[in-house]
2 protein chains.
Amino acid sequence: MRSSTAQPGERQRDSEKVRATQILNAASALLAEAGSDGFTAAAVARRAGVNKALIFYYWGSVADLFERVLQGYYDSHRAALETALSVAGTKRERVHRLLDTYVDFMQDNRAYVRIVQHQIAGGGPYAAVVQRHYAEITQWALSQLEPLVPSSGATSPRHLHFSISAVVVNYFTYAPGLAEAWGHDPLTPGALAERRAHVHWLVDACLDSLERGG
Amino acid sequence: MRSSTAQPGERQRDSEKVRATQILNAASALLAEAGSDGFTAAAVARRAGVNKALIFYYWGSVADLFERVLQGYYDSHRAALETALSVAGTKRERVHRLLDTYVDFMQDNRAYVRIVQHQIAGGGPYAAVVQRHYAEITQWALSQLEPLVPSSGATSPRHLHFSISAVVVNYFTYAPGLAEAWGHDPLTPGALAERRAHVHWLVDACLDSLERGG
DNA sequence: GTACGAACTGACCGTATGGTCAAACCATGC
DNA sequence: GCATGGTTTGACCATACGGTCAGTTCGTAC
């Protein structure tokens, strides 16, 4: 099947990395669909249409491959947030734009947030890597937020950031449970729009309270 | 070892259920410490000081034993919330008392909330059972909340309850990650008190906004 | 003491996992 | 044609898992 498309000369050029990225793409797609539980060497190999041993030949171990996939998610997550914050505007405008970007990203990368949440809780073998990423991105977000929301104690950026993040993130990780608890699919466009309105409302309520010195 | 403490006549009386509860207790303790990942038949047996086959003799399967342990958590969770809501008072008083009870319970049962969060996200073999419990307790909470916070759309009890719940719950499930991201242990008495103050502040901010017609 | 039956044990099975390895394959350079 | 070296393969290994089972222990009733 492969030999039919291969041409003379392209072997050394392409196959230098083509197999590695082929496996990486399959791994990424598999992780998005099946989660970290279904992320096994055999499953990745089957998905990539490749012998299982090649997983280890190109990526060393399943854990290394997992880390590489996760790094891709992390990079785009950070890039999205940085882009959103680079635009000028009032404090409220910037906060709401950051919020929208955050919701968008979680909406588009449900597998990522599910995995991060599970590993952060200390439940998996990749807890160390995920926690390092999480600490990095949290510290960056806090450094950006501190000039916007200067306060301390119970209304510090730490708590505010964490709470807002929880409000956004859990909606997607809890989606399967919400479907049953609420009696309707929380991921339809209408439901998502309502949720988005809610988090904007909630953030405004917090900012109002802060400005009034609550 | 057992025969030294055993006495004539007590066999039928005690051993009727003593072994079953002995295994159940070990299973509960193990689940609290190691989480659902470390919850294997061999581990439970080792912890209970019992032959592995007895797990299946008394409980049928590992999944059945897991369900029984979870049922205990669920019962006390529901009992705690019902007790908190049974006390009379103003709307704000009742909301804040419910909140305190919720924080207390999560603080005392971190294993439970970690497991529920993981299974709810669809990552484990017990997702169905956990989601049924979650749906029950959510629907009960909503039925209690609807008279207190009557609104719809983006500020409906559904969204409010879910957001507040996320704010409370994630603090405990994310504790390992927060320790690294924040640079200090989020579970010290001082840190917990600050977090408790934060969630009370946040709920008040929401209630203020609601009352002003936000 | 002997038959009975519940409680208990260790060995075993099937399956799945991550990972290894010697051998085979095959395009290329000489 | 042939040696070379990166690439690919199927067979294989160790480990861990849930679960089963034939057989043994042991208190009790007769």
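Proteins come first, then strands; the chains are lettered A, B, ... in the order of their sequence lines, and each starts at number 1.
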## Note on the structure
Contacts of B:Asp37 meeting side-chain hydrogen bond (donor to acceptor under 3.5 Å, both in side chains) (sequence neighbours excluded), chain-then-number -> none

### Residues that A:Val199 engages under side-chain contact (heavy atoms from CB on, under 4.5 Å), provided they are two or more places apart
A:Leu99, A:Val103, A:Val167, A:Val168, A:Arg195

### Message
Surrounding CZ of A:Arg196 (heavy atoms of other residues, nucleotides or ligands, distance under 6.0 Å), is the total greater than 12?
### Response
yes

#### Entry: For atom OH of A:Tyr126 and atom P of C:dG18, their distance in whole Å
8 Å

### Query
Taking only residues two or more places apart in sequence, or in another chain, which ones meet A:Gln71 in a side-chain contact (heavy atoms from CB on, under 4.5 Å)?
A:Tyr74, A:Asp75, A:His133

### Spacing of A:Leu65 atom CG relative to C:dG19 atom P, expressed in whole Å
11 Å

## Note on the structure
Sorted by chain and number, sequence neighbours left out, ring pair (Phe, Tyr, Trp, His ring centres under 6.0 Å) with A:Tyr174 holds for B:Tyr134, B:Phe162

## Note on the structure
From CZ of A:Phe56 across to C1' of D:dT7 the rounded distance in Å is 17 Å

#### Entry: All side-chain contact (heavy atoms from CB on, under 4.5 Å) counterparts of B:Ala26, not counting sequence neighbours
B:Arg47, B:Ala48

#### Entry: A:Ile23 CD1 - D:dT7 C1' separation (whole Å)
11 Å

### Task
Using side-chain contact (heavy atoms from CB on, under 4.5 Å) as the criterion, list what pairs up with A:Ala121, not counting sequence neighbours.
B:Arg114

### Message
Using five pairs at each end of the helix from C:dG1-D:dC30 to C:dC30-D:dG1 to define an axis, what is the angle between those two axes, to 10°?
### Response
30°

### Message
Applying ring-ring contact (aromatic ring centres under 6.0 Å, His included) as the test, list every pair that has at least one member in residues 107-131 of chain A; sequence neighbours left out.
### Response
A:Phe66-A:Tyr126, A:Tyr73-A:Tyr112, A:His77-A:Tyr112, A:Phe105-A:Tyr112, A:His118-B:His118

For nucleotides 9-13 of chain C, print each protein N/O atom paired with a nucleotide N/O atom at under 3.5 Å, atom names and distance only.
from   : atom 1 : to      : atom 2 : distance (Å)
C:dG10 : OP2    : B:Asn51 : ND2    : 3.3

### Test side-chain hydrogen bond (donor to acceptor under 3.5 Å, both in side chains) applied to A:His184 - qualifying residues, sequence neighbours left out
none

### Query
Without hydrogens or angle criteria, can the side chains of B:Tyr171 and A:Ser163 be said to hold a donor-acceptor pair below 3.5 Å?
no

### Query
Where along residues 24-47 of chain B does a heavy atom fall under 4.0 Å from DNA chain C?
none

### Task
Can you sort out the partners of B:His198 under ring pair (Phe, Tyr, Trp, His ring centres under 6.0 Å), two or more places apart, ordered by chain and number?
A:His159, B:Trp201

### Message
Rounding to an integer number of Å, can you tell me how far B:Trp59 CH2 sits from D:dG19 P?
### Response
15 Å

